[in-house]
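Here's the structure we're looking at; comments come further down.
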Amino acid sequence: MARYINADKLGNEIKDLPEQERIELMGIYDVIRNQPPADVQEVKHGKWIRQDGRPEAICSECGRNVVYQVINYRWQFENYCPHCGAKMDGKD
């Protein structure tokens with residue numbers, strides 16, 4: 001699996017190193033900085049805010065209503081928001 005980093009943050013951390021270490025790492029940093037940017041999107045995390053007595057919930061990220069699905073005679077909802085794509089795991 002690919003691993004993405006923030007090249008600007010890496011550069012700032014290198015700048016804070018002692019001079020000899022900074023000189024040793026600047027060549028590596030130049031190679032990283034000159035790579036084309038990856039086409040990635042940050043993962044949003046949210047949670048469903050349930051509506052009492054109603055078959056819907058509100059996404060904590062985009063605020064839109066989502067109707068529950070009935071599966072095996074129980075109300076259930078997706079583990080992601082179909083409107084904004086937020087992963088519904090309740091994490092920050």
Side chain to side chain, [X] and [Y], heavy atoms closer than 4.5 Å:
| X | Y | value |
| --- | --- | --- |
| N79 | K87 | no |
| S60 | H45 | no |
| K44 | C84 | yes |
| I28 | L25 | yes |
| I14 | M26 | yes |
| I58 | W48 | no |
| H83 | C59 | no |

Quiz item: Do the side chains of I5 and L17 join up, straight or via other hydrophobic residues, at under 4.5 Å, putting them in one cluster?
Solution: yes
Over 12 foreign heavy atoms within 6.0 Å of [atom1], [X]:
| X | atom1 | value |
| --- | --- | --- |
| E19 | CD | no |
| R50 | CZ | no |
| R64 | CZ | no |
| Y29 | OH | yes |

Quiz item: Taking atom CD of E13 and atom CG of D8, what is their separation to the nearest 0.5 Å?
Solution: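 Interatomic distance, E13 CD to D8 CG, rounded to 0.5 Å: 11.5 Å.
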